[in-house]
J.: 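Following this message is one structure expressed as structure tokens.
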Amino acid sequence: PSHPWCYHDHCEYTQSEWSRLPNAYCGGKSQSPINIAKSSAVTEEKLGAFHFEKFDDKHVIEKIINTGHTVKCILKEGVEVSGGGLGHVFSTLQLHFHWGAHDSEGSEHTVDSKRYPMEVHIVNKRKDLTLEKALQTTDGLAVLGFFIEATSAKEKSRSSSEQGASLSDMDAWKKLTSYLSAIKNISSEVNVTEEISIDDLLGSVNRESYYRYNGSLTTPSCNQAVVWTVFKESIKVDETLMMMFPNEIGYHNVFRSAQGLHGRTVYTTAA
Ligand code: SG4
Ligand code: ZN
């Protein structure tokens with residue numbers, strides 16, 4: 001059942017009222033996102049490296065959709081995530097973005113109350129479960145969250161003078177954001193023909209340094225079925241490209257506010 005919900009606008013259920021949505025779990029005690037307090041994070045040695053299957057495939061993004069709440073990239077089959085202390089093999093379903101109106105806010109998770117301008121979520125479902133079943137299982141889904149920050153002027157001049165590795169990341173984000181003007185209308189979608197891999201979008205971010213906690217989908221129906229991974233290092237994207245999300249897509253501030261921990265522990269890798 002789809003009930004009209006939104007973040008801040010006038011709608012039947014605005015963010016503070018999500019907990020009253022029927023057939024949803026938004027008022028639960030294991031909700032996401034959260035603020036991650038660095039000093040409270042418990043080091044867990046079992047949080048090892050991830051294994052990513054087909055993250056280097058240049059043809060995995062099938063299409064990009066404007067859902068009215070986010071911009072979502074639908075992925076082809078065969079993209080998988082395992083390792084990282086997850087204990088299961090997960091199929092990668094899609095990735096989507098959360099952003100603000102300008103570069104001072106936009107991310108869902110915060111670290112020591114610092115909010116980043118954007119956050120990308122790579123959504124994965126346990127391979128041994130149907131989506132329906134996964135949504136009813138505490139570790140049925142695994143979402144990988146990466147913060148996105150504007151490339152600093154220093155880094156920009158370095159990459160242009162040295163023709164460094166960041167040029168290919170820059171290229172991937174340029175290609176991806178070039179599709180936004182084609183999906184200005186809610187529910188519109190565009191097929192992707194440019195070669196963009198997930199690795200290109202993630203760039204050189206350290207994928208072995210992250211936080212881990214149990215939480216929920218950050219949008220209704222807020223199922224408490226997500227093992228969250230929030231990476232410590234942020235993806236650096238050119239500010240002009242980043243601003244295309246609020247500028248080309250007619251809405252912004254699509255992020256949920258921090259939810260109570262209610263006794264949950266946030267774990268961290270040693271580094
Ligand atoms: C976005 O609204 C996606 O479009 C949803 O995808 C997604 O739900 C939802 O965000 C919550 O995901 O990583 N932010 S989040 O917790 O992936 C799911 C769909 O509606 C189930 C398929
Ligand atoms: Zn999300």
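One-based numbering, in listed order, for ligands and for the atoms of each.
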J.: Nearest to atom 9 (C) of ligand 1, what protein heavy atom do you find, and at what distance?
T.: Thr219 OG1, 3.1 Å

J.: Taking only Lys NZ, Arg NE, NH1 and NH2, and the carboxylate oxygens of Asp or Glu, determine whether Lys63 and Glu189 approach each other closer than 4.0 Å.
T.: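 Judged by the 4.0 Å cut-off on N to carboxylate O distance, Lys63 and Glu189 do form a salt bridge.
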
J.: Find all atoms of ligand 1 within a distance of less than 4.0 Å from any non-hydrogen atom belonging to His98, and give their numbers and elements.
T.: 14 (N)

J.: Does the pair Asp103/Arg115 count as a salt bridge with the N-to-O cut at 4.0 Å?
T.: no

J.: Could you tell me how the ring of Phe50 sits relative to the ring of Tyr210: parallel (under 30°), tilted (30 to 60°) or perpendicular (over 60°)?
T.: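 Judged by the thresholds at 30° and 60°, the geometry between Phe50 and Tyr210 is tilted.
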
J.: Is the NZ or CZ atom of Arg20 both under 6.0 Å from the centre of the six-membered ring of Tyr13 and within 45° of that ring's axis?
T.: no

J.: If the cut-off is 4.0 Å to any non-hydrogen atom of Val143, which atoms of ligand 1 fall inside it?
T.: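 Going through ligand 1 atom by atom, the ones under 4.0 Å from Val143 are 13 (O).
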
J.: Could you identify the N, O or S atom of His121 positioned closest to the Zn ion (ligand 2)?
T.: ND1

J.: Do me a favour and list the nearest non-hydrogen protein atom to atom 16 (O) of ligand 1 with residue, atom name and distance?
T.: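 Answer for atom 16 (O) of ligand 1: Thr218 N, 2.9 Å.
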
J.: Please check: side-chain N/O of Asn223 versus main-chain N/O of Ala225, any donor-acceptor pairing under 3.5 Å?
T.: no

J.: Should His69 be listed as contacting ligand 1, given a heavy-atom distance under 4.0 Å as the test?
T.: no

J.: What I want to find out is whether Glu80 reaches Lys54 closely enough, with some N-O distance under 4.0 Å, to be called a salt bridge.
T.: no

J.: What residue and atom, counting heavy atoms only, is the protein's closest point to atom 12 (O) of ligand 1, and at what distance?
T.: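 The closest heavy atom on the protein side is His96 CE1, 3.5 Å.
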
J.: Do the charged groups of Lys175 and Asp200 touch, with an N to O distance under 4.0 Å?
T.: no

J.: At what distance is the nearest protein heavy atom to atom 1 (C) of ligand 1, and which residue and atom is it?
T.: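 Closest protein heavy atom to atom 1 (C) of ligand 1: Thr70 CG2, 3.9 Å.
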
J.: Among protein heavy atoms, which sits nearest to atom 20 (O) of ligand 1, and what does the distance come to when rounded to 0.1 Å?
T.: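 It is Lys72 NZ, 3.7 Å.
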
J.: Does some non-hydrogen atom of Trp228 fall short of 4.0 Å from ligand 1?
T.: yes

J.: What is the nearest protein non-hydrogen atom to atom 3 (C) of ligand 1, stated with its residue, atom name and distance?
T.: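 Of every protein heavy atom, Gln94 NE2, 3.8 Å lies nearest to atom 3 (C) of ligand 1.
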
J.: Do Arg126 and Asp128 sit within salt-bridge range, that is, some charged N less than 4.0 Å from a carboxylate O?
T.: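 Yes, this pair counts.
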
